[in-house]
> 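I am attaching a structure below and will ask some questions about it afterwards.
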Amino acid sequence: MSDTLWGLPAPQIDADLGEAAVTMRLDPTLYPLEVIYAAAYPFIARCWVVLDRDDAGRVSVVLTAKQAATAEQLRALVGEFANELLSSACRREITRQNRALIESVTTQAFGGAMGPPSLEELEAFDFTDEPFDDPLGIAQSWEDKYRKKPRDEGEGEGAP
Amino acid sequence: MRLQFHRALYAGSAIDQALQRFAALAHFDRSENATHFVVELRGLVDADGDATRRERRARRIGHALANLALGLTIERGGPDR
Amino acid sequence: MTEPATPLQTHGYPAFFRHRELGERVVVTSLEGEWIVLERDEFRAFVGGTVDRGSALHQRLVARNLVREQFDVRRAAQTLQRRKRFLHAGPNLHLVVVTLRCNETCVYCHASRADLDAVHTDMTPQTAEKVVDLILRTTSPHVTIEFQGGEPLVNFPVVRHIVEYALQRNRGLGKQLEFTMVSNLALMDEAKLAWLLEHRVQICTSIDGPPDLHDRQRKLPQASAHAAAVPWIRRINQAYAEAGLDPTLYHVEALLTTTRETLQRWREVVDHYVELGCRALFLRPVDPFGFAERTRRVVEYPRSEYLAYYRQAVDYMIELNRGGVEILERYAAIFLTKILRGDDPNFLDIRSPGGAGIGQLAYDHDGSIYSSDEGRMLGAMGDRTFLLGNVATAGYRDIVGHPTIRAMAIASNLDGQPDCVSCPYLPYCGTQPEHNHKTLGTMMGRMRESSMCAVHKGIQDYLFDKLGTADRETLDVLERWTTIRPREHFLQPPSG
């Protein structure tokens, strides 16, 4: 059942008061997926959140209150989500523009605060872990990379 | 109860992980079509209580599963590549 | 008839700036925090690039490094470096909750306290040692250990143990060590005081105003909390004087929590602090941590009312200073130090990025480690977002480099924050992820809806209005508030 939340644009927003749910349809050219994710994430703690996409590529966000909610409460929920969307979109753009500054400050902050590892930390470090994905085998030694595989090794497996 | 997760919005691996977490509470079938991952909640592990109560629990589990799948997808940075 | 819009012509005159209108004037600040307050026609000339190069205005703008053609890059870089020098060291403030037990019940504090029989909320000596071991791993050469509660005097043996153990462990490490205790003083006695004085532990207390106001907000069973604290404030101040310490520098620091009832009584509060011999008053608004929704309705207030209270109280404090009384407002002093001195006093809640984890840590009685005391209070209310680990198992680098701390550092970097990036107060300001999380649902928050932003912006509006319009005598008072005189007596003597 579709209800109208007074004051909110009907083509983009549906409400189902019986289910305490609202659906917002978002244009991904205005709100890219990472912006929708950023806005949706904190709402997971407060609502049930489901995303979907229609044939036109619009992303719908369904927020369902965890308890019964009045139309007023649902309207507030939509308003807060819309604010968070706008804020996330804005933050994404600002972060892109100020990336060098933010990364430099963050690197200095953690470099300064963490300092070098202690001897105990180095001893406790598990060097057997794969440090990072290395699909091109850059971190492998020449011998490891080009040595002949035994016949019984499975196809697609790399060097040990 | 049937849940659909769009493949362009959810990570299949996140859905699998969420299903594992909820396996102790309900029985699920997972499939997929061209556009969606589909999760069918077949029944509850603990089938106590009347039908209304079971229905309510199943819905709650479905909602919580969807939340977890979304949260894990976002933490992975989006759908599997 | 309206004129057709034309593109803004700056003629390349202004360097990067941000601005904000303040009545008839405009505050202009630069990337690195240089500032000027301009009349509107001066601002138009500045933006439009029509300032006469031989004018006094041009000279003022050049002096503030706001003119592109004479922009001094080296000076800007040095200023930025000075403002951000706190980045190069780890947590210097370590809050240790030695017990949750408290003899007082305060209207604004529930989650942070337990009744006196809750002995299981006392920190054990073993946990205390692990706390100290972790604290002394910090990369910061300065370390302040602040005892909090609950009421720390309830678990005084562990306070003593921490001080003695930290002094012993610091031998060879050579960190500049300070200890501070925040106490309601009701359980103080001469023996404890003698020990605290001998070990140079700075003592702070809470005073919420005159006796009736203080006692309504801070309840001591069958006694007056105010009457229990004030004689000790006088006694401690007297002891400092007897030790030959300068009373303008060495006295009990008191902390105020502004509740709804405080708002109307600003004059009495200021007078009371002066009468107690305090030289600083921190007009802190009540924070959203640690009390129930029902209590919030009683003690909370709109931030516009708080700002009216702030302006009246600080106007009155300036007036007192002009009459020879020394009393400063702490918020004003923090912001003015940044504005007038181009320095950062490293107040951890007002800096960018914020101090959570990289400037401070809080340790609960059971050894749990949080990003800050606010993070700990949220933990006590059941929200463990800011829990980082436990001293029993966690390493220093695990804590400081914790994903939560990384997220908080990015969330509290104002250069990534909508609104802040266009606010002229960015070089002096800060946001607190715990506050944003609690009040707005995300660590980043949304500044237009943030009560903390409203307070910071309102206070800086007030200060820039003063800086733009006040007479010399008032400006001298504000300048004096930025004078930082280190309390070297409280630094532990260097050892081995």
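Here the structure is a predicted model, which means the values were calculated and not measured. Just the heavy atoms: all of them, side chains too, but no hydrogens, waters or symmetry mates, feed the values below. In what follows, chains are A, B, ... by sequence order, proteins preceding strands, each numbered from 1.
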> Applying side chain to side chain contact (heavy atoms under 4.5 Å, CB included), name anything that partners C:P302, two or more places apart in sequence or on another chain.
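So C:P302 forms a side chain to side chain contact (heavy atoms under 4.5 Å, CB included) with C:S304, C:E305.
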> Does C:R75 have any salt bridge (charged side-chain N to carboxylate O under 4.0 Å, His left out) partners at least two apart in sequence or in another chain, and if so, which?
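Testing C:R75 for salt bridge (charged side-chain N to carboxylate O under 4.0 Å, His left out), a comparison that skips the adjacent residues, returns C:E34.
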> For a quick test of reading the model, state the closest non-hydrogen atom pair linking C:A409 to A:F110 and the distance between them.
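For C:A409 versus A:F110, the nearest heavy atoms are CB-CE1, 3.6 Å.
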> Against chain A, label C:I405 side chain, backbone, both or neither, depending on which of its atoms sit under 4.5 Å from a heavy atom there.
both
> Return the set of residues passing side-chain hydrogen bond (donor to acceptor under 3.5 Å, both in side chains) with C:Y428 (not counting sequence neighbours), or none when no residue passes.
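Checked C:Y428 against side-chain hydrogen bond (donor to acceptor under 3.5 Å, both in side chains); zero matches.
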> Please determine, among C:G395, C:G441, C:P91, C:A89, the option with the most heavy-atom pairs under 4.5 Å with chain A.
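Of the options given, most contacts go to C:A89.
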> Most heavy-atom pairs under 4.5 angstrom with chain A, which of C:G401, C:G357, C:G359, C:P353?
C:G401
> Shortest non-hydrogen contact from C:I358 to A:A109?
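Minimum heavy-atom contact is CD1-CB, 3.9 Å.
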> Counting backbone as well as side chains, what donor-acceptor pairs lie under 3.5 Å between chain C and chain A?
unit_1: C:H88; atom_1: NE2; unit_2: A:Q108; atom_2: OE1; d: 3.3
unit_1: C:T139; atom_1: OG1; unit_2: A:G112; atom_2: O; d: 2.6
unit_1: C:T139; atom_1: OG1; unit_2: A:A113; atom_2: O; d: 3.2
unit_1: C:Y396; atom_1: OH; unit_2: A:A113; atom_2: O; d: 2.4
unit_1: C:R397; atom_1: NH1; unit_2: A:G115; atom_2: O; d: 2.3
unit_1: C:D415; atom_1: O; unit_2: A:N98; atom_2: ND2; d: 2.7
unit_1: C:G445; atom_1: O; unit_2: A:R91; atom_2: NH2; d: 3.2
unit_1: C:R446; atom_1: NH1; unit_2: A:E84; atom_2: OE1; d: 2.2
unit_1: C:E449; atom_1: OE2; unit_2: A:N83; atom_2: ND2; d: 3.0

